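This structure is a prediction, so every number in the text was calculated from the model and none was measured. Here is how names work: the chains are called A, B, and so on, in the same order as the sequence lines, proteins then strands, and each is numbered from 1.
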Amino acid sequence: MSGSHGQPFHSDNRFVMWLERRLPIISFVNDTLTTFPTPKNLNYWWAFGGILAFCLAVQIITGIVLAMHYAPNTLVAFDSVEHIMRDVNGGWLLRYVHMNGASMFFLAVYIHMFRGLYYGSYKEPREVLWILGCIIYVLMMATAFMGYLLPWGQMSFWGATVITNLFSAIPVVGTDVAQWLWGGYSVDNPTLNRFFSLHYLLPFAIAAVVVLHVWALHVPGNNNPLGIDVKGPQDTVPFHPYYTVKDMLAIVVFMILFAAIVFYAPNLLGEAANYTPADPLVTPAHIVPEWYFLPFYAILRAIPSKLGGVLMMGAAVLSLFLLPWLDTSSVRSGRFRPIFKQFFVLFVINAVILGVVGSQLPEGIWVPLGRICTAYYFIHLWIILPVLGLIEKPLPLPESISKAVLSGASPKGANAAPEKR
Amino acid sequence: MSAANAHSENPTRRDFIYVATTAFGAVGAAMAAWPLIAQMAPDRSALASGTTEVDLSKVAEGQSITVTWRGKPVFIRHRTATDIAAARSVELSKLPDPQDDAARTQKPEWLVVVGVCTHLGCIPNTQANYYGGSGWFCPCHGSQYDTSARIRQGPAPRNLDVPAYAFLSDTKIRIG
């Protein structure tokens, strides 16, 4: 992928060199995971890339073994999940890990995305890297949504009904599209079957895009908390052992939280209604999606028109793809952008409030609040970011990463001890 | 293909062969993809789920039953005089999806509608004392339907759909 600052790869092992001349895979892995020059000032917010790779591996592995026991048919799907929980050796553990693994995956990806937002990781020359990340995020949402239908509980059924009905909002062909997705006139056995097929497929599509994401990362190299370019070898350390070890520590801490939820509160993030088998004739009193969809669900409901709500929800996701061009500031790191920093905090709080709004019944204060927060979401991305880049006066940038790290100095006004490395 | 030949203004036979070959390949690929896409559409067994016959003799005035038709609930309500009066007294211009109650029923006392909210497909609940009689409220996103199952407030774009149905006798209908 990218040339490292080190020497060309060499090994004393004759087989390795024999293989190298035919398929340079050992040097490829070596350049990518070992000698890859990485900015020396990365903080723990940068550990979430490694954490996400861990999450994807956990979901694929537990998913493959769960599929050995699960049956995607409406007559037996619900029972087969209970069979996994009660009869299969360690089945309860596998299912709870997989079920909560989705939540942990989204928790990590949101932190990873907000890190990119704060430190301007989407800016030139990392636009394609950012867009690939957005594609992964959309694939993750599709995968999680289809996986949620599989237990065939009440929330599974009605969540899938509501979301697939979004397509019927498309003018003229909407109903046909929805029926094509269902394979019938409503969510039923054909729907369950195809969702299972695609739920098995998409994680491998995600893995493929992750390869592109890492590839695109290795061309310009990592962004860093200062947001300035690497100027030479004095600004970097090799990825291994420095960041392999740092990432491993972060993964272990993450696993503690993961294990705490799996073992002590496995249903904390789930809905009790999903332990009732799906009934096409009874809608639960209150349908809520999984927590990681709540902000977008709030945006969907904020617009008092079916097509409008669907369009705005789509626009909320698609706006993220355009971020590299919406943010007009050439300074990457929010650390040197005093006004941006405050709006960033506001944006995070706004996203959390949208999530809370999405979890509530659409009545009373939640309706106007949802509309205000939806408006702010778009105003932030489409007005504040472009304008701020033109009017804001950024703080002076440090000369180089090594200078800033060695002097222990952070820019005036910035947080006192950002990186203790 | 226009810039393919720098030395000639006119397309050559070779240009034509390139275009024809590519087009042939594209059409072939599209035709090969078609069955892969079409297999997802509702199959013959789903299409055949056809018709449902319902006996209305046991439905008392003011009572409402739910039957299944094509995997979806259909509400059949034996409306009271109050329900009918409420449905027919409203000004059509005030409705988001204006439709005369008479056009939505074959006999005024029997209302037959597909019980699927036209917003995102949830099943509305019966509400007493709603728009001057018995209406429906969708718990998902708050759509409100009146005694003729017409949308009155909320995000749903249309009134509840009236399925095709016929009275086989005074007390029996066939839906579909």
Side-chain angles (χ1 to χ4, degrees), chain A residues 74 157-169 171 174-191 193-195 197-198 279-289 297-298 300-310 360-364 366-367 370, chain B residues 34-52 64-76 96-97 114-127 136-144 151-159 161 163 175-176:
Chain A
T74 52
F157 182 89
W158 289 103
T161 296
V162 167
I163 301 300
T164 49
N165 263 300
L166 294 180
F167 291 92
S168 69
T175 309
D176 291 323
V177 171
Q179 292 185 352
W180 177 72
L181 288 172
W182 294 325
Y185 298 105
S186 57
V187 174
D188 208 335
N189 196 49
T191 326
N193 235 297
R194 64 191 57 183
F195 274 31
S197 171
L198 294 171
D279 182 348
L281 297 185
V282 181
T283 306
H286 183 200
I287 296 181
V288 276
Y297 194 57
L300 169 74
R301 297 194 303 187
I303 314 296
S305 132
K306 181 171 167 178
L307 183 60
V310 173
Q360 301 296 319
L361 280 169
E363 56 194 20
W366 301 109
V367 177
Chain B
W34 179 249
L36 299 175
I37 296 167
Q39 57 84 22
M40 281 177 68
D43 63 20
R44 296 306 163 98
S45 68
L47 293 172
S49 50
T51 57
T52 303
S64 183
I65 61 167
T66 303
V67 298
T68 321
W69 172 65
R70 290 182 169 178
K72 292 181 202 176
V74 171
F75 299 148
I76 302 175
D97 180 11
V114 176
V116 173
C117 182
T118 55
H119 181 223
L120 294 173
C122 296
I123 298 177
N125 300 323
T126 298
Q127 297 285 313
W136 286 271
F137 172 76
C138 181
C140 294
H141 306 96
S143 293
Q144 301 178 5
I151 180 66
R152 297 298 284 266
Q153 206 183 322
R158 296 192 322 275
N159 303 331
D161 293 326
I175 307 170

(request) Would you tell me whether S168(A) and K306(A) have side-chain atoms, one donor and one acceptor, within less than 3.5 Å of each other? (result)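 The criterion, which ignores hydrogens and geometry beyond distance, is satisfied for K306(A) and S168(A).
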(message) Determine whether a donor-acceptor pair (N or O, by modelled atom type, separation under 3.5 Å) exists between the side chain of W69(B) and the backbone of V114(B).
(response) no
(message) I'd like to know which of M40(B), R70(B), K72(B) tops the heavy-atom pair count under 4.5 Å against chain A.
(response) M40(B)
(request) Could you check which of G121(B), S45(B), A38(B), G71(B) has the highest count of heavy-atom pairs closer than 4.5 Å to chain A? (result)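 Among the listed options, the one with the most contacts to chain A is G121(B).
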(request) Give me the ring orientation class for H141(B) and H119(B): parallel if the planes are under 30° apart, tilted from 30 to 60°, perpendicular past 60°. (result)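 Because their plane-to-plane angle is over 60°, the rings of H141(B) and H119(B) count as perpendicular.
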With a 4.5 angstrom heavy-atom cut-off, is it the side chain or the backbone of [X] that approaches chain B, or both, or neither?
{"X": "F157(A)", "answer": "neither"}
{"X": "L307(A)", "answer": "neither"}
{"X": "L300(A)", "answer": "side chain"}
{"X": "P190(A)", "answer": "neither"}
{"X": "V367(A)", "answer": "neither"}
{"X": "L281(A)", "answer": "both"}

(request) Report the C-alpha separation of N125(B) and W136(B) in whole Å, then their side-chain angles, then the decisive distance to 0.1 Å, and conclude whether the side-chain contact (heavy atoms from CB on, under 4.5 Å) test is met. (result) CA-CA 5 Å; N125(B) 300 323; W136(B) 286 271; 5.9 Å; no
(request) Could you have a look at G308(A), A178(A), S186(A), A169(A) and say which one has the most heavy-atom pairs with chain B under 4.5 angstrom? (result) S186(A)
(request) Looking only at non-hydrogen atoms, find the nearest pair between F75(B) and G115(B) and report the distance. (result) CE1-CA, 3.4 Å
(request) Determine the minimum heavy-atom distance between T283(A) and P139(B), stating which atoms define it. (result)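 Reported closest heavy-atom pair: CG2-CG, 4.2 Å.
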(message) Check this for me: F137(B), atom CZ, are more than 12 non-hydrogen atoms of other residues, nucleotides or ligands nearer than 6.0 Å?
(response) yes
